[in-house]
Participant: 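If you scroll down you'll find the structure; I have some questions about it.
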Amino acid sequence: MAEIIFQSKLDAQRFYNHLLKELPYHSKKETILLLEDQHIVRILDGIISFDVFELLKTAFYDFITNTKRNDWFREILKNHYYYEDLEEQQQIMEIIYSVIEGQREDLAVFLKETSVELDMIKSAIDHVFQDPISFSFDSFLKFRLRPYIQLLESYVEIAIDEYKMEQEYQMFVQMLRDFLTNREPKMDILHLLLDEEITFYNEQFAEIKRGELTRMIDRKLLVNHPVYVDSASIAPLLSLAPTSIFIYTNNPDEPLVRTIKNIFEERVTIKTFAALREMKKSAEVHDSSENHA
């Protein structure tokens, strides 16, 4: 026999439903029961076979990592950091899971490897899953999973910092969009090469020198927003407010490209270095033919 006792009726019900899906019946003697009044999930079997025993451990592990982990993330957000709004909680949790799933290497460096998380839980489960199995889930959480909960807290802390930075970034982008709204374009087309350095070209692919760009910058930008506005790239772009911006880069996902796209939106077209070479070559041929004419 195996039984797990829960303090929460909801947890008992959810684990019972999870077992019904995950644990197949191997014989007529085997029965999964939910004792609702006592919040107990019980598996009746004369002798639990090795296969069922391993399936039970796996089901319990999945219940922790797929069901309860979300609960704990929300509890930490609400009780430790006072994020009570469900939408805010969800946005922060999406950041957390992007780290866990390996999509955010920039944040993962601040956390322990995911394998550490897995080992923590499996070791704790191995300790309590001794035949006959009988234990309190909440005691298991308090005494065996405390290091794991601390790990989840570190995930939440990193995700909140990133969430706040994202909020600040969105405010920054909106502020610069507002600046652009009533600004007259100083150029129709601007070409921007993002290589080791940033190079500006006009519509005829003539380079706009740094000194000329500096003279074009609207001083109000640097006075009002000195921390946020990069004088080498964003400030000249905002000051010129081109109708169309062609960005040439071999790394379209880099942060500066993302920021320019977010500010200027449909005005931006991304192209490769090779496209720039072809465009400049065509412009040179066009200029040459006009000179001969």
Side-chain angles (χ1 to χ4, degrees), residues 1-27 29-45 48-81 83-101 114 116-156 159:
M1 187 185 78
E3 68 174 23
I4 303 175
I5 305 144
F6 295 86
Q7 281 188 4
S8 161
K9 180 179 181 179
L10 176 61
D11 281 347
Q13 182 71 58
R14 288 192 296 180
F15 183 58
Y16 170 72
N17 291 336
H18 182 67
L19 277 185
L20 290 179
K21 289 189 296 183
E22 300 297 324
L23 202 63
Y25 291 102
H26 287 270
S27 71
K29 293 180 181 179
E30 203 170 285
T31 309
I32 304 172
L33 302 178
L34 172 62
L35 309 184
E36 292 192 56
D37 292 343
Q38 302 172 61
H39 309 160
I40 293 175
V41 176
R42 182 176 293 165
I43 300 169
L44 297 177
D45 189 8
I48 295 180
S49 67
F50 177 79
D51 288 345
V52 173
F53 186 76
E54 290 302 310
L55 284 169
L56 181 57
K57 285 169 65 175
T58 301
F60 188 64
Y61 172 85
D62 290 343
F63 176 71
I64 289 171
T65 56
N66 293 331
T67 302
K68 288 304 298 178
R69 183 167 62 181
N70 278 350
D71 293 348
W72 294 327
F73 279 143
R74 291 191 185 279
E75 284 174 16
I76 294 166
L77 283 166
K78 182 178 179 180
N79 299 331
H80 293 204
Y81 296 98
Y83 283 95
E84 298 194 7
D85 183 81
L86 293 179
E87 187 176 338
E88 277 195 310
Q89 289 180 5
Q90 188 58 38
Q91 290 178 32
I92 294 169
M93 286 173 63
E94 285 172 6
I95 296 173
I96 294 170
Y97 279 106
S98 70
V99 177
I100 291 173
E101 292 165 8
T114 308
V116 174
E117 174 189 350
L118 307 183
D119 291 343
M120 278 181 185
I121 304 170
K122 288 177 179 176
S123 175
I125 290 173
D126 285 340
H127 188 87
V128 294
F129 271 70
Q130 306 291 333
D131 198 15
I133 302 164
S134 180
F135 64 90
S136 159
F137 178 78
D138 294 87
S139 295
F140 171 75
L141 170 62
K142 182 177 180 181
F143 296 108
R144 295 291 171 190
L145 284 190
R146 186 59 202 153
Y148 175 63
I149 298 300
Q150 289 171 340
L151 182 66
L152 298 188
E153 288 169 355
S154 69
Y155 282 5
V156 172

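Keep in mind that what you see is a predicted model, and the values were worked out from it rather than measured.
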Participant: Can you confirm whether or not the ring centre of Phe60 sits under 6.0 Å from the ring centre of Phe129?
Facilitator: yes
Participant: Got Asp138 and His39 here, is their nearest side-chain heavy-atom distance under 4.5 Å?
Facilitator: no
Participant: I need the Gln90 CD to Phe73 CZ distance, nearest 0.5 Å.
Facilitator: 12.0 Å
Participant: Rounded to the nearest 0.5 Å, what separation is found between the CD1 atom of Ile76 and the CG atom of Asp71?
Facilitator: 11.0 Å
Participant: Does some side-chain heavy atom of Arg146 sit less than 4.5 Å from a side-chain heavy atom of Ile149?
Facilitator: yes
Participant: Using the side chain to side chain donor-acceptor pair (under 3.5 Å) criterion, which residues pair with Arg144? Sequence neighbours excluded.
Facilitator: His127
Participant: Is there a side-chain contact (heavy atoms from CB on, under 4.5 Å) between His80 and Val156? Walk through the geometry before answering.
Facilitator: CA-CA 10 Å; His80 293 204; Val156 172; over 6 Å; no
Participant: Pick one: which of Val41, Ile5, Ile40 meets side-chain contact (heavy atoms from CB on, under 4.5 Å) with Leu35?
Facilitator: Ile40
Participant: Quick one: CD1 on Ile133 to CZ on Arg42, what's the gap to the nearest 0.5 Å?
Facilitator: 13.5 Å
Participant: From Ser8 OG over to Phe15 CZ, what is the distance, rounded to the nearest 0.5 angstrom?
Facilitator: 13.5 Å
Participant: Just verifying a value: how many Å separate Gln91 CD and Asp85 CG, rounded to the nearest 0.5 Å?
Facilitator: 8.5 Å
Participant: Take the angle between the ring planes of Phe135 and Phe140 and call it parallel below 30°, perpendicular above 60°, tilted in between.
Facilitator: tilted
Participant: Does any part of the side chain of Glu3, heavy atoms only, come nearer than 4.5 Å to the side chain of Leu33, both counted from C-beta?
Facilitator: no
Participant: So Phe6 and Phe63, would you call those rings parallel, tilted or perpendicular, with 30° and 60° as cut-offs?
Facilitator: perpendicular
Participant: Taking the side chain as C-beta and beyond, is there a heavy-atom pair between Lys68 and Asp11 under 4.5 Å?
Facilitator: yes
Participant: Give a yes or no on whether the backbone of Leu34 and the side-chain of Gln38 come within a donor-acceptor separation of less than 3.5 Å.
Facilitator: no
Participant: Judged by atom type as modelled, is there a donor-acceptor pair below 3.5 Å linking the side chain of Thr65 to the main-chain atoms of Tyr61?
Facilitator: yes
Participant: Please tell me if the side chains of Tyr155 and Val99 come closer than 4.5 Å, counting only heavy atoms from C-beta onward.
Facilitator: no
Participant: Between Asp62 and Lys21, is there a side-chain N and carboxylate O pair less than 4.0 Å apart?
Facilitator: no
Participant: Just by distance, do the side chain of Glu36 and the backbone of Lys9 share a donor-acceptor pair under 3.5 Å?
Facilitator: no
Participant: Any non-hydrogen side-chain atom of Leu145 less than 4.5 Å from a side-chain atom of Trp72?
Facilitator: yes
Participant: What's the verdict on side-chain contact (heavy atoms from CB on, under 4.5 Å) for Ile43 and Leu19, showing C-alpha distance, side-chain angles and the deciding distance?
Facilitator: CA-CA 10 Å; Ile43 300 169; Leu19 277 185; 4.0 Å; yes
Participant: Is the shortest side-chain heavy-atom distance between Met93 and Asn70 below 4.5 Å?
Facilitator: yes
Participant: In terms of heavy-atom contacts, does CD of Gln7 have more than 12 from other residues, nucleotides or ligands at under 6.0 Å?
Facilitator: no
Participant: With rounding to the nearest 0.5 angstrom, report the CG to OG distance, Leu151 to Ser154.
Facilitator: 4.5 Å
Participant: Ignoring hydrogens, what is the shortest heavy-atom contact between Ile32 and Tyr16? Give both atom names and the distance.
Facilitator: O-CE1, 3.6 Å
Participant: Do other residues, nucleotides or ligands put more than 12 heavy atoms under 6.0 Å from the CD atom of Gln150?
Facilitator: yes
Participant: Begin from the C-alpha positions of Ile96 and Arg69 and carry the test side-chain contact (heavy atoms from CB on, under 4.5 Å) through to its verdict.
Facilitator: CA-CA 11 Å; Ile96 294 170; Arg69 183 167 62 181; over 6 Å; no
